[in-house]
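Just so it is clear, the values below take in all heavy atoms, side chains as well, and ignore hydrogens, waters and symmetry mates.
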Amino acid sequence: MSVANPTNVAATLRPLARGAGDPCHFHAPDGAIWRTTLMPSGSATYRISQLDAGTVSVAAWGDGAEEFTTTVPALLGAADEPDTFAPQHATLAEAQHRSPGVRICRSGRVLEALVPAILEQRVHGIAARASWRRLVRKFGTPAPGPAPRPMWVPPSANAWRRVPSWEFHKAGVDPRRAKTIVTAARAGEQLERIADLVPAVARQHLQTIPGVGVWTSAEVAQRALGDADALSVGDFHLAAMIGWTLLGRPLDDDRMLEYMEPLRPHRYRAVLLLESSGLAFKPKFGPRTPVTDHRAH
């Protein structure tokens, strides 16, 4: 199938992966991206292969395969508008030049983006990804079709609601994050419907869930809603990275927000391009610090 804009499939879908061992995501040696998802019609395994900058090959298996194929254009950034981003900063312009095919993906699957984001609150990314792997393999379902390695479909909302507290504990998830996941899962279909809202409004709806703040809602919006402006405010590393990369000195959240205000509605795009291009920079002064999910005021 043809894509609306020249697209780097691997780079566009990379934000959906939760580490190299993600049981729902695999970047195969031949360059194909394999993923699993749970659609309203059922589970699906899919493979997307890049044929050239404007053409991809898509195959899908499972009860949800047919429904999934209708979402592929949005998943690959068909609704994204990268050409409206014209950065004046030399480093951002260079990042854009180096990453012409990076789009903002839109999976449309809110809970699949929300649960791993909650797991990443206040802990090191390595620990969060280990929790995700354990819980998906325990409570998800085997991937349908010819997956290239053992893969699992993420648990349904009902399955997340029924995870016992001791299983969260064994997966390294503290009671606060576990409660947030269960509370979110109880919203079920209502939660998935926010994907049809304007992203800024959808983020506000997400933040009505106890335990979901500005950082978590932005992480979901970046992946599930295709929100090019969803800045992960509250991330311990982001403000410093933006400051060092673009100004040569660290910033805090307030100064980052002020500095990036002129980049609306492309603030997340700017971050993604810096990371994808390899131009993002932050000195390593000490051990990494967990994310703090700030609440919206």
Side-chain angles (χ1 to χ4, degrees), residues 3-37 45-54 56-58 68 71-80 82 85 92 95-110 112-117 119-120 125-126 128-130 132-133 136 147-149 151-152 154 215 218-232 235 237-238 241-242 245 266-282 291:
V3 292
N5 301 298
T7 302
N8 182 324
V9 171
T12 296
L13 298 184
R14 187 176 296 119
L16 299 178
R18 304 293 175 167
D22 188 345
C24 308
H25 185 108
F26 179 57
H27 191 169
D30 64 2
I33 303 298
W34 290 79
R35 283 192 55 79
T36 63
T37 189
T45 302
Y46 60 90
R47 182 192 67 225
I48 302 182
S49 301
Q50 184 109 45
L51 302 182
D52 56 48
V56 298
S57 171
V58 181
F68 163 75
T71 72
V72 172
L75 181 68
L76 298 181
D80 190 26
F85 184 47
L92 282 175
Q96 185 180 45
H97 175 73
R98 292 189 188 185
S99 310
V102 177
R103 310 293 168 193
I104 308 297
C105 66
R106 184 185 187 281
S107 72
R109 310 309 300 149
V110 176
E112 287 178 19
L114 178 56
V115 171
L119 291 174
E120 291 172 2
I126 293 174
R129 290 163 183 170
W132 172 249
R133 290 194 300 270
V136 169
R149 71 176 187 183
M151 297 182 71
W152 279 262
W215 182 87
E219 292 287 304
V220 175
Q222 294 161 9
R223 296 163 172 81
L225 310 179
D227 189 346
D229 199 50
L231 193 62
S232 298
D235 190 287
H237 301 283
L238 182 61
M241 183 275 283
I242 291 296
T245 304
H266 297 285
R267 294 178 300 169
Y268 168 58
R269 187 189 310 283
V271 174
L272 183 63
L273 290 175
L274 289 173
E275 294 175 340
S276 298
S277 66
L279 293 174
F281 169 72
K282 178 178 177 286
V291 162

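- What you find for G21 and R133 is that their closest heavy atoms are O-CD, 3.1 Å.
- Put simply, CE on M151 and CZ on F26 are 8.0 Å apart, with the number rounded to the nearest 0.5 Å.
- Side-chain atoms of I242 and V271, non-hydrogen and from C-beta on, do get closer than 4.5 Å to each other.
- With sequence neighbours excluded, the residues that form a side-chain hydrogen bond (donor to acceptor under 3.5 Å, both in side chains) with E219 are R223, S232.
- With a 4.5 Å cut-off on side-chain heavy atoms, V115 and P154 do not count as touching.
- P116 is linked by a side chain to side chain contact (heavy atoms under 4.5 Å, CB included) to R18, W132, counting only residues two or more places apart in sequence or in another chain.
- Take T37 and apply the side-chain hydrogen bond (donor to acceptor under 3.5 Å, both in side chains) test, not counting sequence neighbours, and it matches E112.
- With sequence neighbours left out, D229 forms a side-chain hydrogen bond (donor to acceptor under 3.5 Å, both in side chains) with R264, R267.
- Rounded to the nearest 0.5 Å, atoms CG (D22) and NE2 (H27) are 14.0 Å apart.
- For F85, the ring-ring contact (aromatic ring centres under 6.0 Å, His included) partners are H266, not counting sequence neighbours.
- In terms of the side chain to side chain contact (heavy atoms under 4.5 Å, CB included) criterion, residue partners of S277 (sequence neighbours excluded) are, by chain and number, A95, R98, S99, L279.
- Side-chain contact check for I104 versus D227: every heavy-atom pair is 4.5 Å or farther apart.
- Checked by atom type and distance alone, the side chain of T45 never pairs as donor or acceptor with a backbone atom of T36 at under 3.5 Å.
- A donor-acceptor pair under 3.5 Å is formed between the side chain of Q50 and the backbone N or O of V9.
- For the pair L16 and I33, the minimum side-chain heavy-atom distance is 4.5 Å or more.
- Partners of R14 under the salt bridge (Lys or Arg N to Asp or Glu O under 4.0 Å) rule, at least two apart in sequence or in another chain, do not exist in this structure.
- Residues meeting the ring-ring contact (aromatic ring centres under 6.0 Å, His included) test with W34, sequence neighbours left out: W61.
- Under the salt bridge (Lys or Arg N to Asp or Glu O under 4.0 Å) criterion, R269 pairs with D80, sequence neighbours left out.
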Could you walk me through whether L273 and L92 satisfy the side chain to side chain contact (heavy atoms under 4.5 Å, CB included) test, starting with their C-alpha distance in whole Å, then the side-chain angles of each, then the deciding distance to 0.1 Å, before giving a yes or no? CA-CA 8 Å; L273 290 175; L92 282 175; 5.7 Å; no
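- One N or O on the side chain of T12 and one on the backbone of R103 form a donor-acceptor pair closer than 3.5 Å.
- For H25, the side-chain hydrogen bond (donor to acceptor under 3.5 Å, both in side chains) partners are R35, not counting sequence neighbours.
- In this structure, the side chains of L272 and V102 come closer than 4.5 Å at one or more pairs of heavy atoms.
- At a threshold of 4.5 Å between non-hydrogen side-chain atoms, the residues Y46 and L75 count as touching.
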